[in-house]
Amino acid sequence: MKTLNAFSPLDGTLLKEYPIASIGEMEAALLRAKETFRIFSETDTGKRIRLLKSLRSVIIAETDNIVATICKTTGKVKSEALMTEVFPVLATLKYYEKHLKKFLKPRKVPVPFAFMGIKAGVSLRPSGIALIISPWNFPFQLAMIPIISAIAAGNSVLLKPSEYALPVGELIANLCQSAGFPSFLVQTIYGDGNTGAELIALHPDRILFTGSTKVGKKIMQQAAELTIPVLLELGGKSPMIVFADADFDRAVNGMVFSAFCNSGQVCVATSRAYVEESIYERFTAAVAEKTKQLTQGKITEDDLGFLVLPSRAEALNGLIKEAVSKGAKVLCGSLSGKYFTPVVLANVNEHMAVMKEEIFGPVLPIMSFGSAAEAVRLANDSPYGLSAGVWTSDKKKAKDIASKLQAGNININDALISVGIPSLPFGGTKESGIGRYHGFSGIEFFSDIVSIAQSSGRHPSSTAWFPYGAKLYPDFKQTLRLLYGRGHFFKALRSAFRLWLRNFRR
Ligand code: NAD
């Protein structure tokens, strides 16, 4: 039996050894998920809402345990585990409890006048088995929010947590059990990337993947062969643009937070900043000063946690070295050793790898810009399009710049906030992903959208049915002219009447 070890980045201790699921175990899990889905998909929305409420109560009761598990698994500080992992999950639960009935209610849609008497509507039906593949940086919320969306829509779930966050995957299964979820509604499958690929091969009905762009492309390829709809939440290289008229202190604080929250291991982190020339020197110095004040060591009270994968420091140092060799200046920080200090780089330019590649760690390069047009050009000059920020006290300028930024999520004079609002769809453009979840989009993704058109069924025939005869073409044409262009009213009315009579042919 192959196993995976979970080590804590806090002190390197072995937390637990997890057996990697075999193909046979995965097939059995899928069968159980299908059987559970058969019954669960028929449950009414009220029962699903009760399950969400029950899960919320369990999370509130277990908050300290949840935070403790997240912290020891990821090396996060406690306040961040609470604010960025537990809080978004609770907010999402409450949001769906309130809006699920409305989201799942069949809705009527308008029909063209030519189809007078026909009623049309759209219904959402649970799609089946949802496979959720999650990463290690926010192992709780990036698994829980997809799970909540999937079960709210009536699906059953197979969760494949990151191999670097297995205890959180186990925790999630336990919480669902404590909340009284039907057995096998949410099953955690332990394993690595191969396990993820093997699960896809079993043909789930939906895949929501959160992780790197490289793996996302592989998943899309594999899913395409099986025509499984995928929602991909991938990497980012989020720009933050600061104009000289922005509130200086707020922009400095916001930049430091959005770059170094979770030690920079955030898909929407500010990983390249553009500051207007006239304030560049003063601004970068203030950011460096603020960054130096961040504390690290005690997860109960400090600002910075640890790198989930300490080995990544080497790759980050490579980016810093390359930038320095091309003229960048390190204003503060160093990534050597366990107790790293976040790095702020000035005098960078768009040709350095640190301004192009996803960083996913505590490194912030800041470049200057001369005009708004230049800032927008630089911000959009990236294969990624996950998130972007603009800071200015000029509301009109903020709106204008925001409308030009190529990103799925935009924050104005704020940092990382849009992702935390459960009613806002979340997802990326360009290589940052495909599809949206959160809000209604999350329910829609895990549903089959069914269109229904209904006739009264009272007439023996219908206008468009056989036999066509010689009159159909001119009468239809006259009627179309009246409806969609300019027609002779009385001529068209006669034609429309003749068309209507066709309903009564035997
Ligand atoms: P990763 O792509 O290495 O792994 C993510 C998950 O995919 C893991 O569970 C892994 O086991 C699984 N996996 C790997 N290969 C697979 C395969 N061939 N088939 C199926 N599953 C496979 O990502 P990571 O290192 O865990 O996370 C960091 C990345 O995630 C960063 O690029 C970050 O930007 C991105 N991310 C994106 C978002 C978002 O919402 N857009 C959020 C968080 C993280």
Side-chain angles (χ1 to χ4, degrees), residues 77 80 84 137 235-243 246 248-277 279-296 303-307 312-313 315-324 326-336 339-369 375 378-379 381-382 384 386-391 407 411 413-417:
V77 293
E80 275 178 2
T84 65
N137 62 331
K237 183 70 186 165
S238 304
M240 170 168 165
I241 301 173
V242 182
F243 286 96
F248 190 88
D249 291 334
R250 184 171 169 81
V252 168
N253 287 328
M255 188 179 287
V256 173
F257 172 70
S258 64
F260 301 128
C261 169
N262 205 33
S263 303
Q265 304 164 116
V266 182
C267 57
V268 288
T270 294
S271 69
R272 54 195 171 115
Y274 303 96
V275 175
E276 195 161 5
E277 253 160 22
I279 57 162
Y280 182 75
E281 292 296 328
R282 195 161 69 92
F283 195 91
T284 47
V287 166
E289 207 39 55
K290 201 87 209 171
T291 303
K292 283 183 207 161
Q293 289 164 20
L294 299 177
T295 56
Q296 189 192 27
D303 305 311
L304 294 166
F306 297 95
L307 294 181
R312 288 198 64 252
L316 298 177
N317 275 323
L319 288 176
I320 297 168
K321 262 193 205 141
E322 192 248 17
V324 169
K326 289 182 174 167
K329 198 171 150 197
V330 178
L331 296 186
C332 65
S334 149
L335 297 187
S336 53
Y339 294 94
F340 64 84
T341 46
V343 174
V344 177
L345 293 171
N347 298 351
V348 292
N349 63 52
E350 71 262 46
H351 307 296
M352 298 172 178
V354 77
M355 288 297 276
K356 292 195 270 199
E357 289 173 21
E358 182 176 38
I359 295 175
F360 221 59
V363 180
L364 168 65
I366 313 178
M367 181 176 163
S368 70
F369 69 85
L378 289 165
D381 184 19
S382 168
Y384 295 109
L386 190 55
S387 178
V390 52
W391 296 64
N411 290 301
N413 295 325
D414 218 316
L416 310 181
I417 193 87

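The residues of the chain are indexed from 1 along the displayed sequence.
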**OP:** Spell out, as yes or no, whether a donor-acceptor pair under 3.5 Å connects the side chain of K326 to the backbone of V348.
**Re:** no
**OP:** Report yes or no: does E358 contribute a side-chain atom to a donor-acceptor pair with the main-chain N or O of K237 at less than 3.5 Å?
**Re:** no
Subject >> Reported CG-to-CG distance for the pair L335 and L307, which is rounded to 0.5 angstrom >> reply: 7.0 Å
Original post:
Does a side-chain heavy-atom distance below 4.5 Å link R272 with M367?
Top reply: no
**OP:** Flag the pair V275 / T284 as yes when at least one side-chain heavy-atom distance between them is below 4.5 Å, and no otherwise.
**Re:** no
**OP:** List the atom of T270, the atom of A273, and the distance in Å for their closest heavy-atom pair.
**Re:** CG2-CB, 4.4 Å
Subject >> E322 to A353 - nearest heavy-atom pair and separation >> reply: OE1-N, 3.1 Å
**OP:** Verify side-chain contact (heavy atoms from CB on, under 4.5 Å) between R282 and F248, making sure each step is shown before the conclusion.
**Re:** CA-CA 10 Å; R282 195 161 69 92; F248 190 88; 3.6 Å; yes
**OP:** Kindly say whether the aromatic ring centers of Y280 and Y274 come within a distance under 6.0 Å.
**Re:** no
Original post:
If you measure from CZ on F283 to CD on E277, what distance do you get to the nearest 0.5 Å?
Top reply: 15.0 Å
Original post:
Looking at M240 and S258, what are the two nearest heavy atoms and their distance?
Top reply: SD-OG, 4.0 Å
Original post:
Could you give the distance from OG (S368) to CG (L378), rounded to the nearest 0.5 Å?
Top reply: 9.0 Å
**OP:** State, yes or no, whether a side-chain contact exists between P365 and I359 at a heavy-atom distance under 4.5 Å.
**Re:** yes
**OP:** Given side-chain contact (heavy atoms from CB on, under 4.5 Å), test I320 with V354 step by step and report yes or no.
**Re:** CA-CA 7 Å; I320 297 168; V354 77; 5.6 Å; no
Original post:
How many angstroms lie between atom NZ of K290 and atom CG of N253, to the nearest 0.5 angstrom?
Top reply: 4.5 Å
**OP:** Apply side-chain contact (heavy atoms from CB on, under 4.5 Å) to the pair E276 and F369, showing each step before the final yes or no.
**Re:** CA-CA 5 Å; E276 195 161 5; F369 69 85; 3.7 Å; yes
Subject >> Gap between atom CG of N347 and atom CE of M352 - 0.5 Å precision >> reply: 8.0 Å
Original post:
Within the distance-only criterion (no hydrogens, no angle test), does the side chain of T341 pair as donor or acceptor with the backbone N or O of S334 below 3.5 angstrom?
Top reply: yes
Original post:
How far does CG of L345 sit from CD1 of I366, to the nearest 0.5 angstrom?
Top reply: 8.5 Å
Original post:
Is a side-chain donor or acceptor of S263 paired with a backbone partner of Q265 at a separation under 3.5 angstrom?
Top reply: no
Subject >> V363 vs F340 side-chain heavy atoms within contact, under 4.5 Å >> reply: no
Original post:
Which heavy atom in S238 sits nearest to a heavy atom in A269, and how many Å separate them?
Top reply: CB-O, 3.3 Å
Original post:
How close do E350 and M355 get, heavy atom to heavy atom, and via which atoms?
Top reply: CA-CB, 4.3 Å
Original post:
Taking the side chain as C-beta and beyond, is there a heavy-atom pair between L416 and T84 under 4.5 Å?
Top reply: no
Subject >> Side-chain touch N411/S387, heavy atoms, less than 4.5 angstrom >> reply: yes
Subject >> Close side-chain approach of P342 to V256, heavy-atom, < 4.5 Å >> reply: no
**OP:** Write down the atom of N413, the atom of W391, and the distance for their closest heavy-atom approach.
**Re:** OD1-CA, 3.2 Å
Original post:
How about F243 and V390: do any of their side-chain heavy atoms sit closer than 4.5 Å?
Top reply: yes
**OP:** Apply the test side-chain contact (heavy atoms from CB on, under 4.5 Å) to residues F360 and N137: give CA-CA distance (whole Å), side-chain angles for both, the deciding distance (0.1 Å), then the verdict.
**Re:** CA-CA 9 Å; F360 221 59; N137 62 331; 3.2 Å; yes
Original post:
Does the Q296 side chain pair with the main chain of G305, one donor and one acceptor, at a distance under 3.5 Å?
Top reply: yes
